S.K.: 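Can you read through this structure? Questions will come right after.
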Amino acid sequence: MSILVLAEHDNTGLKEATLTTITAASQIGGDIDVLIAGDQCAGAAEAAAKISGVSRVRVADNACYKGLLAENTAALVVSLSSEYSHIMAPATTNGKNILPRVAASLDVSAFSDIIGVVSADTFKRTIYAGNAIATVQSEDTIKVITVRGTAFSLAEQNGSASIGAVTEAHDLGLSTFAGESVAKSDRVELTSAGIVISGGRGMQNSENFSMLEKVASKLGAAVGASRAAVDAGFVPNDMQVGQTGKIVAPDLYIAVGISGAIQHLAGMKDSKVIVAINKDPDAPIFQVADYGLVDDLFDAVPQLEQAL
Amino acid sequence: MKILVMVKRVTDPNVIIRVNAENTSVDLNNVKMAINPFCEIAMEEAVRLKEAGIATEIIAMSIGPAQAQDQLRTALAMGADRGLLVESEESLEPLTVAKLTAKVVEEEQIGLVLLGKQSIDTDNSQTGQMLSAILGWSQGTFASKVDIVDNTLNLTREVDSGLQSLTLTLPSVVTCDLRLNEPRFASLPNIMKAKRKPLVIKPAADYGVDLTSKIKTLKVESPNTRQSGEIVGSVAALLDKLKTEKGVI
Ligand SMILES: Cc1cc2nc3c(=O)[nH]c(=O)nc-3n(C[C@H](O)[C@H](O)[C@H](O)COP(=O)(O)OP(=O)(O)OC[C@H]3O[C@@H](n4cnc5c(N)ncnc54)[C@H](O)[C@@H]3O)c2cc1C
C-alpha cells in the first residue's frame with residue numbers, strides 16, 4: 001500500500017491539518033508521500049520533509065496551482081494516482097473542493113471527513129450533523145478520503161524525507177485565481193486552538209465581539225462564532241463553527257450568547273470542556289455544557305476578563 | 001442559458017435524527033422531510049439569474065424517491081419552469097448521482113448547474129465536484145457571490161481563510177453556500193401555479209448508469225452523548241471549576 005497526502009499549507013509552512021491527516025494515513029499503513037502543490041511553495045515542502053513517517057515529498061511548484069484551483073490541482077493529483085492505493089487530504093475547504101473531483105476523475109467513490117480508520121478500506125464518519133456515526137467500507141481499488149483534523153493527533157516532526165519536483169504543469173484554463181480576502185489575525189487558528197471562545201446572535205453587533213477578543217487575548221484562545229453571528233455580519237465567515245462551518249474540539253470551548261442549535265453543536269461538541277454563558281436557562285446549549293452560567297453576557301464577559 | 005438546479009429531499013434541519021435499534025441506519029419513520037436548505041439557496045440563485053435576464057429556463061431536478069416530487073413542487077413554486085424526477089427508491093451515492101446528472105446535462109444542453117454545497121443528511125459535499133469532473137467543466141464550490149458577465153462567471157467562495165475570488169469559464173458547476181442569498185418564500189398563487197407546471201418522472205435505471213453502490217455501510221451508531229453538567233452561580237465559581245476541577249486554564 002502507498003498513500004498520497006495532498007498537503008494544506010501556506011507556501012512557507014504546513015497547516016496542522018496536514019499533520020493530523022498524516023496520522024490518519026499512518027493508521028492505514030504503508031508508504032506515505034506528501035504532495036505540496038502551490039505557487040512558490042518550497043518552504044512548505046521543506047516543512048513536509050520533516051514530518052515523521054513520510055517517505056517522499058513531491059512538489060508541484062507552478063503558478064497554475066496558485067489558490068489551489070480545483071481543476072488544475074485535481075488533474076495533478078490524478079496524474080500521480082496510479083502509484084497509490086489511497087489519496088488523502090485534510091477536510092479543509094481545499095480538500096473538500098479538490099478530492100471529490102479527483103475521485104470522480106478516477107471513477108471511484110470518496111469518503112468525506114472521516115473521524116476514524118478501522119482498516120485500510122473501512123472508515124468511520126459522521127452523518128446527520130453528528131447525530132450518527134457510520135462505519136463505511138470501500139470496494140474501490142483507490143480510496144479517496146478527506147480527514148477531520150480534530151479526530152486525529154498531530155504527527156511528529158523529526159523525519160527527513162526526500163524532496164522531488166513534479167514538473168509537468170496541469171493548467172486546464174477552466175478557472176483563474178482572481179484574489180482573496182484573508183482575515184488577518186495574530187491569534188491561534190480556530191481549528192488548532194486549545195481554547196475557543198465563540199459568540200452568537202446574543203453579541204448583538206460586531207463591536208461587542210471585542211469583549212470576546214479581550215478574553216481570548218488573556219487565555220491565548222481563538223474566537224469563533226455561530227452562523228447567526230456570521231449571517232448578521234458581526235464577524236467574517238471563516239469564524240463560523242458548526243456542521244457547515246469549521247469543526248473544533250479544543251480543551252475548553254466557551255459559548256457566549258449561543259442557543260445551541262444542532263448545527264452549531266455538530267461543530268464543537270467534541271470539545272473536552274464546554275462552558276455556556278446565556279441568559280436563557282432553557283437554552284439547549286446548557287444540555288451539553290459542563291458548566292453553565294445563566295447571566296447576561298454583558299455583565300458576565302467583562303467580569304470574566306477582569307478576573308483572568 | 002439553461003440552468004439545471006439539483007434539489008434533494010432530506011430530513012428537516014430542525015429534527016434531531018436518531019440511530020435505529022438495529023444499528024443499520026437512522027430511524028426516519030415519521031420524520032418530517034424538506035428540501036435541503038442549500039438546494040433552496042441554489043434554487044433562489046437560479047431564479048435571480050432568470051430575473052436578471054441571464055437564464056432562459058430553469059429545470060429543477062431531483063434524484064430520489066417518488067415523494068421527492070414534493071420538493072420539486074416547492075422548487076417550481078419558487079420559480080423553476082419545469083421539474084424532472086429521476087426516480088430511485090434506493091438512496092444513491094454521490095458518484096452515481098453525479099453520473100445521472102451528467103446525462104441530464106447533456107440531454108438538456110445545460111449551461112450552468114447550481115446545487116447545494118452539501119446535503120444536511122449525509123454531509124458529504126461531493127456531488128457538485130464530481131459532476132464538474134465528469135463534465136470536464138469549471139468548478140465553483142461554496143459560492144457566496146455569483147456574477148455572470150459576458151459569458152464569464154465571477155465567483156466568490158467561502159474558504160477556511162476567508163473569501164476567495166475566481167473567474168470561471170462557462171459552462172460551469174456551482175455549489176452554493178449559506179450566504180449566497182436568502183431564499184424567498186413561495187407565494188400562494190405561485191404554489192397554485194406550480195401544480196400545473198410540467199414535472200416528468202423517469203426511472204434512474206433508464207439512463208444507462210450502473211446504480212450499484214461501491215460503498216457498504218457496515219454499521220450506524222449513536223455518538224457519545226454528553227451529560228449536562230452543573231449551573232454555576234458566578235464568574236468566580238466558574239473560573240474556580242475550570243482551574244481546579246478541570247485544569248483547562
Ligand atoms: C443548513 C443549515 C446549516 C447551518 N449551519 C450552521 C453552522 O455551521 N453553525 C451554526 O452555528 N449554525 C448553523 N446553522 C444555524 C443554526 O440552526 C442556528 O440558527 C444558529 O446556530 C443560531 O445561532 P445563535 O445561537 O447565535 O442564535 P440564536 O439561536 O438566536 O441564540 C442566541 C442566544 O443568545 C442568548 N442571548 C441573547 N442575548 C443575550 C445576553 N445579553 N446575554 C446572554 N445571552 C443572550 C439567547 O438566550 C439565545 O439563546 C445552520 C442552519 C441550517 C439550516
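Since we're looking at a predicted model, the values are computed, not measured. Just so we're on the same page: letters track the sequence lines, and every chain starts at 1.
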S.K.: Can you tell whether the side chains of A/Asp107 and B/Lys99 come within less than 4.0 Å, N to carboxylate O?
M.R.: yes

S.K.: With a 4.5 angstrom heavy-atom cut-off, could you sort out which part of B/Val15 is near chain A: side chain, backbone, both or neither?
M.R.: backbone

S.K.: Counting only non-hydrogen atoms closer than 4.5 Å, does B/Asn23 touch chain A with its backbone (N, CA, C, O), its side chain (CB onward), both, or neither?
M.R.: neither

S.K.: Heavy-atom distance under 4.5 Å between the side chains of A/Arg227 and B/Leu178, does that happen here?
M.R.: yes

S.K.: Quick check on A/Ile195 against chain B: is it the side chain, the backbone, both or neither that has a heavy atom closer than 4.5 Å?
M.R.: side chain

S.K.: At a heavy-atom distance under 4.5 Å, which candidate from B/Asn224, B/Asp177, B/Thr141, B/Leu218 has the highest pair count against chain A?
M.R.: B/Leu218

S.K.: To the nearest 0.5 Å, how far apart are OG in B/Ser125 and CG in A/Leu99?
M.R.: 11.5 Å

S.K.: Under 4.5 Å between any side-chain heavy atoms of B/Arg157 and A/Asn97, yes or no?
M.R.: yes

S.K.: Side chain, backbone, both or neither: which part of B/Ser234 has a non-hydrogen atom closer than 4.5 Å to chain A?
M.R.: backbone

S.K.: Could you walk me through whether A/Lys96 and B/Asp160 pass the salt bridge (Lys or Arg N to Asp or Glu O under 4.0 Å) test, one step at a time?
M.R.: CA-CA 11 Å; A/Lys96 289 188 217 170; B/Asp160 288 339; over 6 Å; no

S.K.: Heavy-atom cut-off 4.5 Å, strictly under: side chain, backbone, both or neither for A/Thr122 against chain B?
M.R.: side chain

S.K.: Let me know if B/Ile120 has heavy atoms under 4.5 Å from chain A in its side chain, its backbone, both or neither.
M.R.: both

S.K.: Side chain, backbone, both or neither: which part of A/Ala289 has an atom under 4.5 Å from a heavy atom of chain B?
M.R.: backbone

S.K.: Non-hydrogen atoms of chain B under 4.5 Å away: do they reach the side chain of A/Lys124, the backbone, both or neither?
M.R.: side chain

S.K.: Counting only heavy atoms not in B/Glu90, do more than 12 sit closer than 6.0 Å to its CD atom?
M.R.: no

S.K.: Looking at A/Phe111, is its backbone amide N or carbonyl O close enough to the side chain of B/Asn124 to form a donor-acceptor pair, meaning the two atoms are under 3.5 Å apart?
M.R.: no

S.K.: Could you tell me which portion of B/Ser213 (side chain, backbone, both or neither) has an atom closer than 4.5 angstrom to a non-hydrogen atom of chain A?
M.R.: backbone

S.K.: Indicate yes or no: at least one non-hydrogen side-chain atom of B/Ile16 is less than 4.5 angstrom from one of A/Ile262.
M.R.: yes

S.K.: At a heavy-atom separation under 4.5 Å, does B/Val159 approach chain A through its side chain, its backbone, both, or neither?
M.R.: both

S.K.: Is B/Pro94 close to chain A through its backbone or its side chain, or both, or neither, when contacts mean heavy atoms under 4.5 Å?
M.R.: neither

S.K.: Between B/Ser222, B/Ser25, B/Gly136, B/Ser132, which has the largest tally of heavy atom pairs under 4.5 Å with chain A?
M.R.: B/Ser132

S.K.: Taking the side chain as every heavy atom from C-beta outward, state whether B/Trp137 and A/Glu71 have any atom pair closer than 4.5 Å.
M.R.: no

S.K.: For each of B/Lys117, B/Gln164, B/Gln126, B/Glu182, tally heavy-atom pairs with chain A at distances under 4.5 Å, and name the one with the top tally.
M.R.: B/Gln126

S.K.: Within a strict 4.5 Å, meaning less than it, do heavy atoms of the A/Thr135 and B/Thr217 side chains meet?
M.R.: no

S.K.: Go through B/Met130, B/Glu158, B/Arg179 and name the one with the most non-hydrogen pairs under 4.5 angstrom from chain A.
M.R.: B/Arg179

S.K.: Indicate whether any N or O donor in one side chain lies under 3.5 Å from an N or O acceptor in the other, for A/Gln287 and B/Ser228.
M.R.: no

S.K.: Are A/Asp290 and B/Arg226 close enough for a salt bridge, meaning some N to O gap below 4.0 Å?
M.R.: yes

S.K.: Measure B/Gln227 against the heavy atoms of chain A and call it side chain, backbone, both or neither at under 4.5 Å.
M.R.: backbone

S.K.: Go through it in stages, so that I can follow the logic: the residues are A/Glu180 and B/Leu163, the test is side-chain contact (heavy atoms from CB on, under 4.5 Å), and I'd like the CA-CA distance, side-chain angles, deciding distance and then a yes or no.
M.R.: CA-CA 6 Å; A/Glu180 61 193 339; B/Leu163 297 170; over 6 Å; no

S.K.: Taking the side chain as C-beta and beyond, is there a heavy-atom pair between B/Arg18 and A/Asn131 under 4.5 Å?
M.R.: no

S.K.: Side chains of B/Gln118 and A/Gln243: does their closest heavy-atom pair fall under 4.5 Å?
M.R.: yes

S.K.: Does B/Asp123 offer a backbone N or O that forms a donor-acceptor pair with the side chain of A/Arg125 under 3.5 Å?
M.R.: yes

S.K.: Quick one: what part of A/Leu304 sits under 4.5 Å from any heavy atom of chain B, side chain, backbone, both or neither?
M.R.: both

S.K.: With side chains defined as the heavy atoms from C-beta onward, is the minimum distance between B/Leu95 and A/Val108 less than 4.5 Å?
M.R.: no

